[in-house]
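Values reported hereafter were calculated over all heavy atoms of this structure, with side chains retained and with hydrogens, waters and symmetry mates removed.
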Number of protein chains: 2
Amino acid sequence: MKKRIRIIDIAEKAGVSKGTVDRVIHKRGHVSPEVKKRILEVMKELDYRPNVIASALAYNKSWKIAALLPNPENDAFWMQPKSGILKALNFTSDYGMNVDFYHFQDANKQHFQNCCDQILSGAYDAVLIAPLYYKESHQFLNECDELGLKYFLFNTFLERTDLSFQCYIGQDSYQSGVLAAKLLDFGIENGDAVMILHLEKGVYNAKHLLAKEQGFQNYFIEHPNRNIQIIKTSFEEPKDSPAFRKFINYQLKSYPNLKGIFVTTSRIHHLVNVLSDIHTKKIKLVGFDLISNNLTDLRAEKIDFLINQNPVKQGYLGILNIFEHLVRKKEIAKIQHLPLDVVMQENVSYYLEADQHMHMMI
Amino acid sequence: MKKRIRIIDIAEKAGVSKGTVDRVIHKRGHVSPEVKKRILEVMKELDYRPNVIASALAYNKSWKIAALLPNPENDAFWMQPKSGILKALNFTSDYGMNVDFYHFQDANKQHFQNCCDQILSGAYDAVLIAPLYYKESHQFLNECDELGLKYFLFNTFLERTDLSFQCYIGQDSYQSGVLAAKLLDFGIENGDAVMILHLEKGVYNAKHLLAKEQGFQNYFIEHPNRNIQIIKTSFEEPKDSPAFRKFINYQLKSYPNLKGIFVTTSRIHHLVNVLSDIHTKKIKLVGFDLISNNLTDLRAEKIDFLINQNPVKQGYLGILNIFEHLVRKKEIAKIQHLPLDVVMQENVSYYLEADQHMHMMI
DNA sequence: TTTAAACATGTGTCCGAAAACATTTTTGTA
DNA sequence: TACAAAAATGTTTTCGGACACATGTTTAAA
């Protein structure tokens, strides 16, 4: 095996000292044009590739990163991105990467802004953020832009002028709607009806929910020969309440040929609670996210499919992209859509175990 | 942020020199029991975690790894694990990991053995192998055991006494059969029939195919209320031949209520060719592997589901496990089943793009 | 022509761990 | 008790690159 080319090899071949080669590599200036040209030629000729290991060791500085996401203690979902972040650190900490977590309280915008302020004054090299609150997030990112603080979005996409974010890592909401439609379509007959059900507040302000709806509808529009009726509904507070029961009962009565329901968020387990009491003929269900309540229903064959948004991987790739950018100084892709995994009782264990493998995906 | 604990920090706290600490860490001996005990205590107390970067730099040796798999030029499938291996190297080469590829010609056992002999005399630190030929592979691995050469299996599982392999990375064949059954089950009605179709030679010597069959059958056994008829068949040479057409035609006539077919390998596209001519009523199809011919049929909605065995990831994790073992000296899991991805027209792009993200999963 | 600022280039130390090498302490035996 | 062998412990160099610092050379103003 050939010995790897070092700086000193270049220096010798170019007849200069390693200091001069270093100045060329790091564009520190103070090198005469001719010498610079010669060194660059030798570098190309010998195909110099820096030793990242030695470089990281010598650099001997640490990178400060802030991670801004909801508090996992309030909403267990967020434990998953957090665990992905921690896994990525397991490896990147060797390179001096450090993450401070800022967990904002759900539905507490004031607290969100406090976190933002702390980050802005914290001398960070990069921020990884789940920009849940539209207006507040934009404001924060504007301030980041002014400060020159680099930010990486995950989970929720925010349109930014000039694509000033470093990258977005998350799902393609539109396509997840298409996928849900196809799954239900596979399990129903010509002429059946399917329902798209939002169980959230403020649906028509949430772009990602609208995108899911669009995708779902468009699938059936593009498959007109299936002759499927689409029902669009929403219910804001899907607790196990009389009101919710009444609502569902009403829907079932109104649409006797209803064979499938697509719930656009992770709240499908609320629907299962109510449906299983009513004990109607089997209605096929597609929802999102491997949270504990949903997993129970999936294993009991009450939910047919859960579309997985890879939350662990989102956190993991978030940190890894920051690493690639800061440490390895590589170009990274602006938009990184993660696979939409189709999870069923029969393959769910792999997606839960996937975390195990990930620790080594250095 | 707390400074990371170094060897010198332990040495100072334990009142010895770093040389002594080093001897304890590397079990080089020549340390008195009391001092050793004290150092180990301090290490635990300070939660010492070695700096892999500095360690790799100082070690300054390279690891020789052999990768033994079929020639991708004969069977394009094997390009995928190979590309996973190369991606893993993109990062691990910084740590001195080097891979030599040994590609055996498909169905040429003599050539396989030549490769094995070369590896055995090549002074390798580890072997990553896809043990396709049962007998020959066992023989080779026996010789590895004698030599003390560590081997890592992927793609195909081989039972070894004492679990002498370092790890197996691949799919769970049985479970993939269960998954296929559930997918078809979702799309058919009570009383319909489904077929399991092997399009390979020597099926009853191929444990993984039998395992798929078992899983498929057991799913329906455990769902008796569905009342699904299972038909087991096989055809060895699924070219676009009159014989194959006749065979398929015969099956369709014999089982008029046939609504789904599960092909146990990647050869489902051969079935599609024949079926699409016959133009019968829609029969739902589930097969394996994102190879080019299958992708075409999936996109044309002629195949409903492809179960993906993550071939790229298999190669990737193969190298990463070797890295964890050799370089980081970590314990690794003996059996690592990769997710069984359910791939459809609507999410196939992510699985093809997944390779892009992977480059950074250092 | 002198001289110092500006520029070009060279040298040395450091990062943390590994391992060769050097020194000190203990042990056993004459 | 003397002394060499063995065991225990300490010191130094090395890995490749980053960067501070030192030295040498050119340029321009006095």
Side-chain angles (χ1 to χ4, degrees), chain A residues 1-40 42-43 46-63 92-98 326-329, chain B residues 1-40 42-43 46-63 93-97 326-329:
Chain A
M1 169 225 171
K2 295 200 306 283
K3 187 171 64 76
R4 250 178 91 159
I5 300 301
R6 302 159 301 172
I7 284 184
I8 189 77
D9 299 317
I10 298 166
E12 277 167 15
K13 181 132 186 181
V16 295
S17 76
K18 68 201 178 101
T20 304
V21 176
D22 178 76
R23 271 182 287 269
V24 171
I25 290 173
H26 292 284
K27 305 195 173 83
R28 299 192 215 277
H30 299 280
V31 180
S32 71
E34 317 89 70
V35 172
K36 180 173 174 178
K37 181 161 167 283
R38 197 166 72 234
I39 290 176
L40 287 173
V42 173
M43 279 173 60
L46 298 185
D47 186 29
Y48 172 71
R49 295 190 311 130
N51 182 325
V52 183
I53 299 294
S55 171
L57 183 63
Y59 184 66
N60 193 38
K61 234 197 278 182
S62 53
W63 302 98
T92 50
S93 67
D94 288 335
Y95 292 81
M97 298 246 306
N98 284 95
L326 292 181
V327 181
R328 307 188 100 177
K329 296 175 192 343
Chain B
M1 166 230 168
K2 295 200 305 284
K3 186 172 64 73
R4 248 180 89 160
I5 301 300
R6 303 159 300 172
I7 283 185
I8 188 78
D9 299 317
I10 297 167
E12 277 167 15
K13 181 133 187 181
V16 295
S17 76
K18 65 203 184 102
T20 305
V21 176
D22 178 76
R23 272 182 287 267
V24 170
I25 290 173
H26 292 283
K27 305 194 172 83
R28 301 192 215 278
H30 298 280
V31 181
S32 71
E34 316 88 71
V35 171
K36 180 174 175 181
K37 183 162 167 282
R38 197 165 74 232
I39 290 175
L40 287 172
V42 173
M43 278 173 62
L46 299 185
D47 185 30
Y48 172 70
R49 296 190 308 130
N51 182 324
V52 184
I53 300 294
S55 171
L57 182 62
Y59 184 67
N60 193 36
K61 239 197 272 183
S62 53
W63 302 98
S93 67
D94 288 337
Y95 293 81
M97 298 244 306
L326 292 181
V327 180
R328 308 187 96 175
K329 298 181 194 331

> If only atom types and distance count, is the side chain of B:Arg4 paired as donor or acceptor with the main-chain N or O of B:Tyr48 below 3.5 Å?
Replying inline: no

> Given atom CG of B:Leu46 and atom C1' of C:dG16, what is their separation to the nearest angstrom?
Replying inline: 16 Å

> Can you list the residues that meet the salt bridge (charged side-chain N to carboxylate O under 4.0 Å, His left out) rule with B:Lys13, with sequence neighbours excluded?
Replying inline: B:Glu45

> Got a donor-acceptor contact below 3.5 angstrom from the B:Lys27 side chain to the B:Val24 backbone?
Replying inline: no

> What is the distance from CE of B:Met43 to C1' of C:dG16, rounded to the nearest Å?
Replying inline: 14 Å

>> Let's see if you get this right: which residues in residues 29-39 of chain B place a heavy atom under 4.0 Å from DNA chain C?
In response: none

>> Quick check: closest heavy atoms across A:Val31 and A:Lys36, and the distance to 0.1 Å?
In response: CG1-N, 3.8 Å

> Roughly, in whole Å, what's the span from CZ in B:Arg328 to P in C:dA17?
Replying inline: 14 Å

> Would you say A:Ser17 reaches C:dG10's phosphate, i.e. side-chain N/O to OP1/OP2 under 4.0 Å?
Replying inline: yes

>> Strictly under 4.0 angstrom, non-hydrogen atoms only: write out the protein contact profile of nucleotides 16-27 of chain D, one letter per nucleotide from the 5' end, B, S or -.
In response: BBBB--------

> Quick one: does A:Arg38's side chain have a donor or acceptor within less than 3.5 Å of a partner on A:Ala14's backbone?
Replying inline: yes

> Which atom pair, heavy atoms only, marks the closest approach of B:Tyr95 to A:Tyr95?
Replying inline: OH-OH, 3.1 Å

> Which residues satisfy the salt bridge (charged side-chain N to carboxylate O under 4.0 Å, His left out) test with B:Arg6, sequence neighbours excluded?
Replying inline: B:Asp9

> Residues two or more places apart in sequence or in another chain: which of them pass side chain to side chain contact (heavy atoms under 4.5 Å, CB included) with A:Ser17?
Replying inline: A:Thr20

>> How bent is the helix from C:dT1-D:dA30 to C:dA30-D:dT1, measuring the angle between the end axes built from five pairs each, rounded to 10°?
In response: 70°

> Any idea which heavy atoms bring B:Ile53 and A:Asp94 closest together, and the distance?
Replying inline: CG1-O, 3.2 Å

> Short question: side chain of B:Arg49, backbone of B:Ile5 - any donor-acceptor pair under 3.5 Å?
Replying inline: no

